[in-house]
Every structure is written in structure tokens, then in C-alpha cells.
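See structure below.
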There are 2 protein chains.
Amino acid sequence: MKRNQEETNATIRKLLEIARLHFTERGYADTALEDIVQEAQLTRGALYHHFRSKKGLFQAVLESVQQEVAEKVETQAAKSEDVWEQLALGCRAFVGAALEAQNKRILLLDGPAVLGWEEWRRMDEQHSMRLLREQLQGMQQQGQLKPVSIEALTHFLSGALNESALWIAQMADASQALEETAQMISLLLEGFRKPE
Amino acid sequence: MKRNQEETNATIRKLLEIARLHFTERGYADTALEDIVQEAQLTRGALYHHFRSKKGLFQAVLESVQQEVAEKVETQAAKSEDVWEQLALGCRAFVGAALEAQNKRILLLDGPAVLGWEEWRRMDEQHSMRLLREQLQGMQQQGQLKPVSIEALTHFLSGALNESALWIAQMADASQALEETAQMISLLLEGFRKPE
DNA sequence: CATTTTACATACATACTGTATGTATGTAAA
DNA sequence: TTTACATACATACAGTATGTATGTAAAATG
């Protein structure tokens with residue numbers, strides 16, 4: 001029973017949406033494809049028609065989550081003209097976005113484990129990490145950053161932000177933890193600021 | 001056929017040893033318990049007698065890996081008297097240990113995903129992270145560190161080191177990447193050093 | 001209008017975890 | 001020395017999950 005283009009897209013979107021909920025709430029390993037398709041009033045045949053495998057489905061979900069987060073980071077960072085403030089705003093936005101809607105599980109825990117670090121990193125590269133690297137590169141070109149390996153610093157900061165997000169997420173007073181982290185990041189960045 | 005204490009311990013050690021190899025090489029999800037026990041010339045009954053579940057086995061393996069790494073970090077850090085140098089040495093030792101023997105997969109990828117972040121963090125707490133926190137606390141008490149949340153800084157640094165280790169691990173020239181990171185960490189720590 | 005393609009459903013093969021049960025052996029107390 | 005029980009496994013099986021092969025109805029295509 002062939003559907004038209006719009007119906008097909010709706011099917012895919014529905015599967016992605018429901019899958020995202022299951023992955024966030026139960027995690028990748030404890031999510032059964034059967035449950036997803038039942039909720040979507042479909043069968044596993046439909047799912048396997050649109051996605052190569054369980055991993056393929058997860059990867060598609062991860063991609064959309066990453067896109068969402070990256071957009072928020074970019075929007076927030078753009079609110080300032082000062083490169084240092086942009087960086088701080090971006091970091092803060094990233095941590096905030098990773099927290100909300102419990103994106104952290106897909107983004108930071110199952111992501112690397114399910115797809116493998118290389119694949120996960122490749123995807124992250126095209127979203128949040130790209131923004132971070134470009135920002136740092138720009139700052140160094142403008143002579144505002146001490147001479148340090150941009151690659152090393154990008155990974156270092158990225159990892160720090162990821163773990164910070166996970167830490168903040170489970171703190172009773174998350175907003176205070178976020179404040180402490182933001183303040184600390186400002187202090188840290190001072191170490192890299194090139195004196196005029 | 002009851003064995004004596006020593007034989008029993010040997011069985012457990014053998015299972016742990018083989019399991020560790022499988023987890024490092026194939027990852028948690030792609031490791032079949034059946035393969036492990038066959039290699040140990042046992043059956044799954046034996047494994048389930050000594051370990052509660054697949055997760056239980058993994059947790060036991062993770063614990064031993066963490067212990068190994070923590071010992072190396074402690075040994076290295078103790079080689080200096082200066083607290084700042086201790087910190088730098090410790091960071092470097094951690095990254096090095098996470099790399100070698102491909103510990104990274106158990107330690108940093110499957111660890112958090114399989115056991116959940118809270119449980120993983122609780123375990124890490126008692127090993128590498130404890131060292132890091134104590135070091136930072138000591139430094140702050142000695143007035144060598146700017147007034148910043150130790151908790152926030154500990155998590156931030158820990159995450160940064162973890163991601164750096166994963167990054168370095170897959171670089172063609174790992175030793176150079178390690179150098180760049182070490183150099184960057186020194187620079188970064190400057191930002192936190194309290195002026196005399 | 002005939003044919004092909006698409007979007008699914010259905011049925012089944014395969015694989016793996018976990019559990020229930022059986023059994024031989026060691027140990028401690030009666 | 002017998003008895004009672006715990007321990008260390010083996011064996012068999014149940015349950016559940018992914019993935020694959022095949023069937024089918026309807027839209028698209030020529």
C-alpha cells in the first residue's frame with residue numbers, strides 16, 4: 001500500500017519523534033523497536049524499510065538533537081559582539097541545551113558508546129564542535145588568544161563542557177551549579193587571553 | 001564439585017581477565033558471555049554464579065581498570081613536591097594510562113553508558129576523580145588557587161581530560177597531541193593560579 | 001492499461017541474556 | 001562417622017530482541 005510523499009514523511013517523522021522519547025527515557029539498550037512501532041501504530045517492517053538498523057534509527061535521532069542544540073548555541077553566541085563574551089555565552093547555551101529535555105543521554109552517554117567515538121565525534125564535528133573551533137580560530141587570528149593548539153583546546157573545552165553538563169544535570173540546585181561553572185569558565189578563559 | 005578458596009579465586013580472576021579483553025576489543029554490546037566462558041573453559045552457569053549479570057561482570061572489570069589507572073596517576077603525581085607540577089603530572093599520567101591498552105573504551109565510552117552516569121561517576125569518584133579533587137582542595141587551602149568552586153572545577157577538568165584522552169588516542173601522532181594538550185593544560189592552570 | 005516501484009505487513013531465523021534445576025564435592029557439627 | 005548443608009559449577013530452557021526474507025496493496029510510470 002504505497003503512500004504519497006507527504007504521508008511517507010509523516011511516517012518517518014513519527015518514528016523519529018517516538019524513538020527520541022524512548023531513547024531519552026530508557027536509553028538505547030533498553031529501548032525495544034517493537035514498542036516504538038506499536039506506539040506509532042506500525043510494524044517493525046515499516047521501521048526497517050526507512051532505517052537500516054536500530055543504530056541507524058538512533059543515529060538519525062542523534063543528528064536531529066545535535067542540530068537543535070547547535071542552533072541554540074549559535075543564536076545565543078550571536079547576541080554579543082565581543083568574541084570573549086560570545087564564547088562564554090555559547091558555552092553556557094550548550095550546557096543549558098544539553099540539560100533541557102534530558103538530551104544528555106542521547107547526546108553524551110549513548111551517543112559515543114553506540115556509534116563509537118570516531119563516528120560520534122564526526123557528527124559532533126558538524127554541529128556544536130564546529131562552532132567552538134571556529135570561534136577559537138577567529139579569536140586566535142585576531143590575536144586575542146595565546147599561541148596554543150586550537151585542536152587540543154577545542155577538544156579539551158568540548159569535553160569539559162560535556163562533563164559539566166552531566167554534572168549539573170544531576171545536581172539538586174542545577175541553576176546554582178550552572179552559575180558556578182559559568183563563573184569558572186570565565187576565569188579559565190582568562191588564562192588564554194593574550195595581554196594587549 | 002566444590003573447589004577450595006584458591007581455585008575459586010583463580011576462576012573469578014580468569015573470567016575477569018578474559019572479559020576485560022573482550023570488552024576492550026569488541027565493546028560491551030558486542031561481547032557475548034558465551035564466548036567468554038568458552039575461552040575460560042567454563043559454562044555460563046559458572047559465570048552467573050560469581051556475577052549477578054552481564055552488567056555486574058562489566059562493573060567488576062571497570063573497577064579493576066580504574067584502580068590500575070588511579071595507581072599510575074598517584075605514582076606519577078608523587079614525583080614532585082610542587083602542587084602545580086603534581087597536578088600537571090597527574091593529568092598527563094591519566095591521559096597516558098587511558099590510552100595504553102585501549103582502556104578508553106571500558107573507562108570512558110561503555111562505562112558511563114552501560115552503568116549510567118551516576119553509577120559510573122560514583123565509581124570514578126573513588127578512584128581518579130578523588131585524587132583530582134583532593135589535589136585542588138589542597139591547593140586552594142594553601143591559598144594557591146583563586147576562589148572558585150572546587151566541585152565545578154573538578155568535574156570540568158575531569159571531563160576535559162577524558163575527552164582529550166579519546167582525542168589523543170585516535171591521532172596519528174599521539175605523542176605530539178599529548179604534548180600539545182599538556183602544554184595547553186599548563187597554560188590553562190595559569191588562569192587559576194592566585195598571584196602571590 | 002500494464003508494469004514497476006514504493007510502503008509497508010507478516011512470518012521466521014538467529015542470537016543472546018537470564019533463570020530454573022540438577023549434581024558433585026567440600027565442610028562443619030552431631 | 002554420619003548427617004546436613006553450602007558451594008561451584010553444568011545443563012536445559014524460556015523469554016526477548018534484532019534482523020531478514022517474502023508477500024501485498026496501492027500509487028506512480030510509461
Side-chain angles (χ1 to χ4, degrees), chain A residues 1-62 105-106 110-111 113-116 119, chain B residues 1-62 106 110 113-116 119:
Chain A
M1 33 172 128
K2 185 167 180 176
R3 312 299 161 83
N4 65 34
Q5 191 65 34
E6 192 39 52
E7 283 173 322
T8 300
N9 285 343
T11 300
I12 293 177
R13 274 199 308 273
K14 195 198 288 182
L15 285 172
L16 282 174
E17 196 179 318
I18 297 174
R20 176 170 175 172
L21 287 177
H22 283 246
F23 286 146
T24 30
E25 283 167 20
R26 289 189 264 282
Y28 179 83
D30 290 346
T31 292
L33 298 183
E34 187 59 34
D35 292 350
I36 294 176
V37 294
Q38 260 186 36
E39 211 173 310
Q41 285 172 303
L42 290 164
T43 64
R44 300 221 327 287
L47 199 154
Y48 275 94
H49 176 70
H50 293 295
F51 301 94
R52 222 182 287 128
S53 62
K54 189 182 180 183
K55 267 186 199 168
L57 173 64
F58 178 80
Q59 188 166 350
V61 170
L62 173 60
R105 191 160 195 171
I106 292 177
D110 285 340
V114 170
L115 301 179
E119 177 64 14
Chain B
M1 35 170 135
K2 184 167 180 178
R3 313 297 163 84
N4 64 35
Q5 193 64 35
E6 191 40 51
E7 283 173 321
T8 300
N9 284 344
T11 300
I12 293 176
R13 275 199 308 272
K14 194 198 289 180
L15 285 171
L16 282 174
E17 196 178 319
I18 297 174
R20 176 169 175 173
L21 288 177
H22 282 245
F23 286 146
T24 19
E25 283 167 18
R26 289 188 263 280
Y28 179 83
D30 290 344
T31 292
L33 298 184
E34 187 58 35
D35 292 349
I36 294 176
V37 295
Q38 260 186 35
E39 210 172 312
Q41 284 173 304
L42 291 164
T43 62
R44 300 220 329 285
L47 198 155
Y48 274 95
H49 176 70
H50 293 294
F51 301 94
R52 224 183 285 130
S53 61
K54 190 182 180 184
K55 267 185 198 168
L57 174 64
F58 178 79
Q59 187 166 350
V61 170
L62 173 60
I106 292 178
D110 286 339
V114 171
L115 301 179
E119 178 64 15

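Residue numbers start from 1 in every chain, and the chains themselves are labelled A, B, ... in the order their sequence lines are given, proteins ahead of strands.
With distances taken from any side-chain atom of A:Ala32 to the nucleotides C:dA9, D:dG19, D:dT18, the minimum falls on D:dT18. Distances were taken from every side-chain heavy atom of B:Thr8 (C-beta onward) to each of D:dC9, C:dA7, D:dG19; the shortest belongs to D:dC9. The side chain of A:His49 lies closest to C:dC8 when the candidates are D:dT11, D:dG19, C:dC8.
Nearest-nucleotide positions on DNA chain D place A:Ala29 closer to the 5' end than the other of A:Gly45 and A:Ala29. Of the two residues near DNA chain C, A:His50 and B:Tyr48, the one whose nearest nucleotide lies more 5' is A:His50.
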Worked check of side chain to side chain contact (heavy atoms under 4.5 Å, CB included) between B:Tyr48 and B:Leu33:
CA-CA 10 Å; B:Tyr48 274 95; B:Leu33 298 184; 3.4 Å; yes

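C:dA7 atom C1' lies 13 Å from atom CZ of A:Phe51, rounded to whole Å. In this structure, the CG atom of B:Leu47 is 15 Å from the P atom of D:dT11, given to the nearest Å. Here the C1' atom of nucleotide C:dT17 and the CZ atom of B:Arg44 are 6 Å apart, to the nearest Å. As rounded to whole Å, 19 Å separates atom C1' of C:dG18 from atom CZ of B:Phe58. Distance A:Glu34 CD to D:dG19 P: 13 Å, rounded to the nearest Å. What separates NZ of B:Lys55 from C1' of C:dC16 is a distance of 15 Å, to the nearest Å. Between the C1' atom of C:dA9 and the CD atom of A:Gln41 lies a distance of 15 Å, rounded to the nearest Å. Regarding B:Leu33, its CG atom lies at a distance of 7 Å from the C1' atom of C:dT17, rounded to whole Å.
With a cut-off of 3.5 Å on both Watson-Crick or G-U wobble distances, the partner of C:dA30 is given as D:dT1. Taking a pair to require two hydrogen-bonding distances under 3.5 Å in either a Watson-Crick or a G-U wobble arrangement, D:dT29 pairs with C:dA2. Remark: D:dT20 base-pairs with C:dA11; criterion is Watson-Crick or G-U wobble with both hydrogen-bond distances under 3.5 Å.
Side-chain contact between A:Leu16 and A:Phe51 is present, with at least one heavy-atom pair separated by less than 4.5 Å. Between A:Tyr28 and A:Lys55, some side-chain heavy-atom pair lies under the 4.5 Å cut-off.
By the 4.0 Å N-to-carboxylate-O rule, A:Arg13 lies close enough to A:Glu6 to be salt-bridged with it.
Remark: side-chain polar atoms of A:Lys14 are not paired, donor with acceptor, to backbone N or O of A:Gln41 under 3.5 angstrom.
Put simply, B:Ser53 has no side-chain N or O that comes within less than 4.0 Å of OP1 or OP2 on C:dT17.
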